[in-house]
Amino acid sequence: METTVAILEKAQQRAQELGLPYKGALLPMEAYRVLQEHAQAQLVDVRSRAELDWVGRIPGATEIELRSYPNMQPNPNFLDQLIQQTDKTLPVLFICRSGARSNQAAAMAADMDFAECYNILEGFEGDRDENGQRGKASGWKAAGLPWVQS
């Protein structure tokens with residue numbers, strides 16, 4: 001079993017290879033291990049309230065909408081809320097539905113001098129399967145990681 005240090009090093013190498021502007025990119029199972037073993041790591045879920053209510057939540061995650069349903073308008077207070085609800089000197093892991101908004105959130109946080117920003121690749125629901133449905137082929141849910149339905 002990989003150590004947390006090895007997982008974070010792999011995530012940092014991925015970020016470098018992908019040319020990402022933040023510290024690292026984690027797969028869902030890697031992110032879960034980091035959250036379990038690194039007591040100071042923080043998880044920020046940037047999905048909309050509608051997604052959280054209808055699709056499910058991750059216990060213990062800080063929930064800050066990056067965009068609001070139904071028009072997916074940007075949250076003008078996102079960075080202020082992030083600064084108020086997290087410690088920018090500690091690792092912050094971002095998750096959304098598929099990894100796209102969390103990528104944007106991690107980049108925004110890195111621009112605001114957050115020390116260690118990580119995107120969770122695949123997100124909560126991951127890619128669509130052969131039937132066009134999310135949550136079964138990849139992502140946090142498909143990996144069998146903890147989540148609850150509202």
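Excluded from the calculations below are hydrogen atoms, water molecules and symmetry mates; all remaining heavy atoms, backbone and side chain alike, are included.
- By the criterion of side-chain heavy atoms lying less than 4.5 angstrom apart, applied directly or through intervening Ile, Leu, Val, Met, Phe, Trp or Tyr residues, Leu66 is grouped together with Leu79 in one hydrophobic cluster.
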Walk me through whether Glu2 and Arg33 qualify under salt bridge (charged side-chain N to carboxylate O under 4.0 Å, His left out). CA-CA 9 Å; Glu2 281 185 297; Arg33 286 272 316 280; 5.9 Å; no
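- In the model, Gln13 has a side-chain atom that pairs as donor or acceptor with a side-chain atom of Glu17 under 3.5 Å.
- For the pair Ser102 and Cys96, the tightest heavy-atom approach, listed with the atom from each and the gap, is N-SG, 3.3 Å.
- Cluster annotation: Ile64 and Tyr69 are assigned to distinct hydrophobic clusters (Ile/Leu/Val/Met/Phe/Trp/Tyr, side-chain heavy-atom contacts under 4.5 Å, transitive).
- Residues Pro59 and Pro146 come closest through the heavy atom pair CD-O, 3.7 Å.
- Ion pairing of Arg101 with Glu51 is present here, as a side-chain N (NZ or NE/NH1/NH2) and a carboxylate O approach within less than 4.0 Å.
- Counting heavy atoms from C-beta outward, Gln104 and Arg67 have side chains that approach closer than 4.5 Å.
- By the rule that hydrophobic residues join a cluster once side-chain heavy atoms approach within less than 4.5 Å of another member, Leu27 and Tyr118 end up as members of separate clusters.
- Of all heavy-atom pairs spanning Gly56 and Trp147, the tightest one is CA-CE3, 3.9 Å.
- Annotation: side chain of Val55 is not in contact with side chain of Arg97 (no heavy-atom distance under 4.5 Å).
- Side-chain contact between Arg57 and Asp45: absent, with no pair of heavy atoms (C-beta onward) separated by less than 4.5 Å.
- No option in Val34, Ile120, Val92, Thr86 other than Ile120 meets the side-chain contact (heavy atoms from CB on, under 4.5 Å) test with Leu43.
- Nearest approach of Val46 to Ala105, heavy atoms of both residues: CG1-CB, 3.9 Å.
- Residues Glu116 and His38 fail the side-chain proximity criterion, which asks for heavy atoms closer than 4.5 Å.
- Both Tyr32 and Phe124 are members of a single hydrophobic cluster when ILVMFWY side chains are connected at heavy-atom separations under 4.5 Å.
- Counted within 6.0 Å of NZ on Lys88, heavy atoms from surrounding residues, nucleotides or ligands total more than 12; the atom is thus considered enclosed.
- Between Phe94 and Phe78, the two ring planes are tilted [angle within 30° to 60°].
- A distance-only check finds no donor-acceptor pair linking the side chain of Gln133 to the backbone of Arg128 [under 3.5 Å].
- Neither Ile58 nor Val44 shares a network with the other; the hydrophobic side chains, linked directly or stepwise wherever heavy atoms of I, L, V, M, F, W or Y lie under 4.5 Å apart, form separate groups for each.
- Here the closest heavy-atom approach between residue Asn103 and residue Asn119 is recorded as N-OD1, 3.4 Å.
- When side chains are defined from C-beta on, Gln81 counts as touching Asn75, because their heavy atoms get closer than 4.5 Å.
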For Glu30 and Arg14, what are the C-alpha separation, side-chain angles and deciding distance, and is it a salt bridge (charged side-chain N to carboxylate O under 4.0 Å, His left out)? CA-CA 13 Å; Glu30 293 170 338; Arg14 266 190 214 114; 2.8 Å; yes
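- Glu37 is not listed as a side-chain neighbour of Ile7, based on a closest heavy-atom distance of 4.5 Å or more.
- Between the side chains of Thr62 and Gln85, no donor N or O sits under 3.5 Å from an acceptor N or O.
- Nearest heavy atom pair, residue Ala15 against residue Lys23, reads CB-O, 3.6 Å.
- In this structure, the side chain of Glu125 does not engage the main chain of Gly135 through any donor-acceptor pair within 3.5 Å.
- Taken from CG in Leu121 to CG in Leu26, the straight-line distance is 7.5 Å, to the nearest 0.5 Å.
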